[in-house]
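The structure appears below as structure tokens.
Order of the sequence lines sets the chain letters (A, B, ...), proteins ahead of strands, with each chain counted from 1.
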Protein chains: 2
Amino acid sequence: MNIDRRSGCPINLSLEVFGDRWSLIILRDMIFGGRRHFRELLNGSLEGIASNILADRLKRLMALGLLTKADDPSHKQKAIYSLTEMAITLVPIMAQLGAWGRVWLPVSEELSIRAELLEKGGPPLWEQFMDELRHEHLGAPSRTPPGAPSVRQQLRAAYEAVVERKADELRHIKTDA
Amino acid sequence: MNIDRRSGCPINLSLEVFGDRWSLIILRDMIFGGRRHFRELLNGSLEGIASNILADRLKRLMALGLLTKADDPSHKQKAIYSLTEMAITLVPIMAQLGAWGRVWLPVSEELSIRAELLEKGGPPLWEQFMDELRHEHLGAPSRTPPGAPSVRQQLRAAYEAVVERKADELRHIKTDA
DNA sequence: TGCAACTGATTGCAAAATGCAAGCGGATTG
DNA sequence: CAATCCGCTTGCATTTTGCAATCAGTTGCA
């Protein structure tokens with residue numbers, strides 16, 4: 001559960017935090033997909049994480065200080081997960097990962113829209129997005145002028161469409177069988 | 001051995017390439033530590049990779065197009081591993097990882113010198129460094145003016161000292177026992 | 001010439017991580 | 001009041017990892 005501390009090298013320590021197959025996927029879905037609940041993360045992930053792994057990673061990410069958990073006032077059984085500042089500052093890493101993947105890996109057109117947007121916008125756009133996340137997850141006052149287009153919405157719109165279409169497909173498979 | 005392709009998301013695909021505990025460590029040692037041989041990677045890594053894992057990852061990274069292997073003309077048994085352009089363009093990701101780790105994780109002072117240098121130099125320094133790597137690994141003509149200070153040397157000097165001191169410690173332990 | 005040290009690996013085995021399906025008690029919804 | 005949803009746990013099979021010993025071939029040195 002805890003971190004290994006194989007060495008004090010920054011790259012190594014970063015890898016010990018999210019150098020596994022799922023941690024960054026979960027954070028990606030929270031950051032870009034707006035997922036805040038266990039079930040949203042479970043069903044909304046394109047990659048299909050198992051519930052025990054998800055539970056384990058959420059616990060781990062909380063222990064590491066990347067996430068916090070709170071009761072959902074509107075529903076006694078629901079928990080709301082929030083990103084901490086530590087997690088929000090992963091945005092530049094995500095952007096770089098996306099940019100690299102877009103160049104070198106067989107990404108699907110529809111799913112790389114987000115990465116493209118982040119790449120085109122560059123650091124200023126990342127900053128605005130991080131600011132929006134702070135507003136959403138930390139309750140920080142938004143510095144974005146009211147009426148300005150939300151990066152969050154732009155980033156999520158395209159992705160939601162893909163996820164929804166995938167959910168549809170799964171429904172059809174179930175119906176057919 | 002092959003990639004999973006759980007989804008075509010750029011971040012996911014990137015994670016499938018180096019979302020494990022060792023691949024990026026190996027690439028880090030090649031990029032920043034100048035390691036080119038199996039034994040150098042085996043003994044020079046601060047984290048202590050096992051030889052079977054190293055062999056497996058080198059094979060995998062070659063299959064994925066991040067590394068190439070060639071005979072060392074000076075030694076019939078030695079193999080020289082080289083970075084491809086695909087691996088060289090990981091430098092910005094490494095820089096971001098290092099910068100993030102330096103802020104949020106208990107990095108050791110001496111080992112974060114590299115990350116600090118990359119952070120201070122910013123993208124222009126990354127570009128120069130990548131150019132030097134292309135020169136070293138791909139035989140590309142260097143665009144760095146002769147006489148200009150080598151980023152490579154600056155980055156490596158500090159690290160070598162740490163590795164050497166660690167090797168010394170290990171020697172003392174052996175001698176004492 | 002002979003032998004120790006070194007080359008890039010491989011093998012066997014134990015331990016840990018992962019993946020899958022089913023289920024749990026409680027809360028909510030229709 | 002029954003069906004569904006909530007976050008999560010359990011049991012178990014499979015896969016990945018870590019460790020230590022070892023391999024056959026090469027090299028450097030006496």
Value in whole Å for how far the [atom2] atom of [N] lies from [atom1] of [X]:
X	N	atom1	atom2	answer
A/Asp56	C/dC20	CG	C1'	16 Å
A/Arg39	D/dC8	CZ	C1'	8 Å
B/Leu61	C/dG8	CG	P	16 Å
B/Asn52	D/dC19	CG	C1'	8 Å
B/Arg57	D/dG18	CZ	P	8 Å
B/Glu40	C/dG8	CD	C1'	13 Å
B/Tyr81	C/dA9	OH	P	4 Å
A/Arg36	D/dC6	CZ	C1'	17 Å

State plainly whether the residues [X] and [Y] are in salt-bridge range, i.e. N to O under 4.0 Å.
X	Y	value
A/Glu119	A/Arg114	no
B/Glu40	B/Arg36	no
B/Asp131	B/Arg134	yes

Of B/Ser51 and A/Lys76, the one whose closest DNA chain C nucleotide lies more 5': B/Ser51

Where each residue is assigned the nucleotide of DNA chain C containing its nearest heavy atom, which of A/His75 and A/Ile49 is assigned the position nearer the 5′ end? A/Ile49

At less than 4.0 Å, is any side-chain N or O atom of [X] found next to OP1 or OP2 of [N]? Yes or no.
X	N	result
A/Lys69	D/dC8	yes
A/Trp22	C/dG19	yes
A/Lys59	D/dT9	yes

Tell me which nucleotide among C/dC20, D/dA20, C/dT18 gets nearest to the side chain of A/Ala50. C/dC20

5′-ward residue of the pair A/Phe38/B/Ile53 relative to DNA chain D: A/Phe38

Measure from NZ or CZ of A/Arg6 to the centre of the six-membered ring of B/Trp22 and say whether it is under 6.0 Å with the direction within 45° of the ring axis. yes

Anything under 30° is parallel, anything over 60° is perpendicular, the rest tilted; go ahead and classify A/Phe32 against A/Phe129. parallel

Is the base of C/dG8 touched by the side chain of B/Gln77 through a donor-acceptor pair closer than 3.5 angstrom? no

